[in-house]
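Structure first, then comments.
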Amino acid sequence: IDGEGNHDAERMRAGIQKLVEVESAMMGGLPYRDYTFFVILRPTPGGGLEHLNSNVVIMPRFSFNTTAGYTTFFATIAHEYFHAWNVKRIKPEGLGPFDYTRENYTRMLWVAEGITDYYTELFILRAGLISEGEFLNRQAALIKKVQEIPGRFQTSLEEASFDAWIKYYRPDAYSENRQVSYYDKGALVGMILDLAIRRASNGARSLDDVFRYLYKEMALKDHNCSAEDFQQVVETVAGAKLNEFFARYVRGKDEIDYNGFFAAVGLQLDTVGAVGAKTPPQSKAYLGLGVAQDGDRLMVRQVPAGTPGFDQGINTGDQIVAINGARVNESSFNDRLDEHKPGDIIRLTIFRDDDLRTFELKLGSKINTAYRILPLDQTTAGQKALYHAWLGK
């Protein structure tokens, strides 16, 4: 541990030990002679990076005063440590041997990073660092995040993986309208793939078996894993053809049928507040603009596709001057919108480059939708057995 903070070193060590135990147990043993965890405490935001026999995790130095802070730390550790197998030994196509003079392209980052993110959640659950309820709540929050990104209809997981060099690591104001994160959507597709394997094999196999197979039959034989290899191994383990799954959710851009997969384990996705849900929707006036203060200027930073602001001609880079003739800043912008109701017309004054313009905009309706994963009203013994095999300890 490098740096000073409000951490409890023994609590960190004990949690890491549990993660090493559950991850190595799943993979059938340790793939190294020794392994080092470097934890760097800084006043800056955190992150992590894997190496063959070590990882480096950077954490904000005073982020350990809550259980949530430790959960973030252990999740980061779990993710980087699983890379000791998935990436450093189970190597995706294109990622090694490396040509360090040029980009190295792969269609498999959704497996390398996205599925690793899915296992991050499973590992901290299996290690007893979160509860089953917390696991499901965290998955529901991730579903909400992905469902609110318009770019999920524009880019497939394989495309997002391949284009990471020119898009994911070079975001612009329109990225959320054109792209989807292979981390976030990859984690969700990893989850439903796990459920699909369990359903197809009647609980005899899971995604765990896929990674044990990849390690034994490919990593130990020094063979990189292509997209085609991965699908073939999944189908071998599941004992079923899953071409439609990969065509829709990996190579394609279909909306994920969450409940079609959750039903196998007796669960359902409930969108509280959505139209048609049991809880009445609560709506508020909405433009959909992402704004940020830049000195004394209030700038439009994001305009998601399909929002009232997007549909009525507001652009990223516009400087917002006033609403209905009164000056606004970042702290007062939403307050002024909240004074109105859906359907009202407002006058939004902006500078676009050096030209002062006023738009008459009709406010849309924003429903504050919360996502929850809940048990079905009635479940069978088979569904209960699959659920226990998936999340039960």
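FYI, the numbering just counts along the sequence from 1.
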Ionic contact status for Asp194 with Arg199, cut-off 4.0 Å: no
Polar side chain donor-acceptor pair, His223 to Glu217, under 3.5 angstrom: no
Neighbour count above 12 (heavy atom, 6.0 Å) for Asp338 CG: yes
Gln383 and Val265, any side-chain heavy atoms less than 4.5 Å apart: no
Same cluster (ILVMFWY, side-chain, under 4.5 Å), Leu374 and Leu142: no
Approximate separation, where rounding is to 0.5 Å, of Glu228 CD and Met108 CE: 9.0 Å
Carboxylate-amine/guanidinium proximity below 4.0 Å for Glu360 and Arg347: no
NZ/NE/NH1/NH2 to OD/OE distance under 4.0 Å, Arg107 and Glu159: no
Polar contact flag, side-chain donor to acceptor under 3.5 angstrom, Asn86-Tyr119: no
Centroid-centroid distance, Phe123 to Phe74, less than 6.0 Å: no
Arg297 and Asn329: side chain donor to acceptor below 3.5 Å: no
Salt-bridge criterion met for Arg152 and Asp254 (N-O under 4.0 Å): no
More than 12 heavy atoms from other groups under 6.0 Å of CD on Gln378: no
Polar contact flag, side-chain donor to acceptor under 3.5 angstrom, Tyr258-Gln139: no
Any donor-acceptor N or O pair under 3.5 Å, side chains Asp117, His79: yes
Distance-only side-chain donor-acceptor flag, Gln231 / Asn243, under 3.5 Å: yes
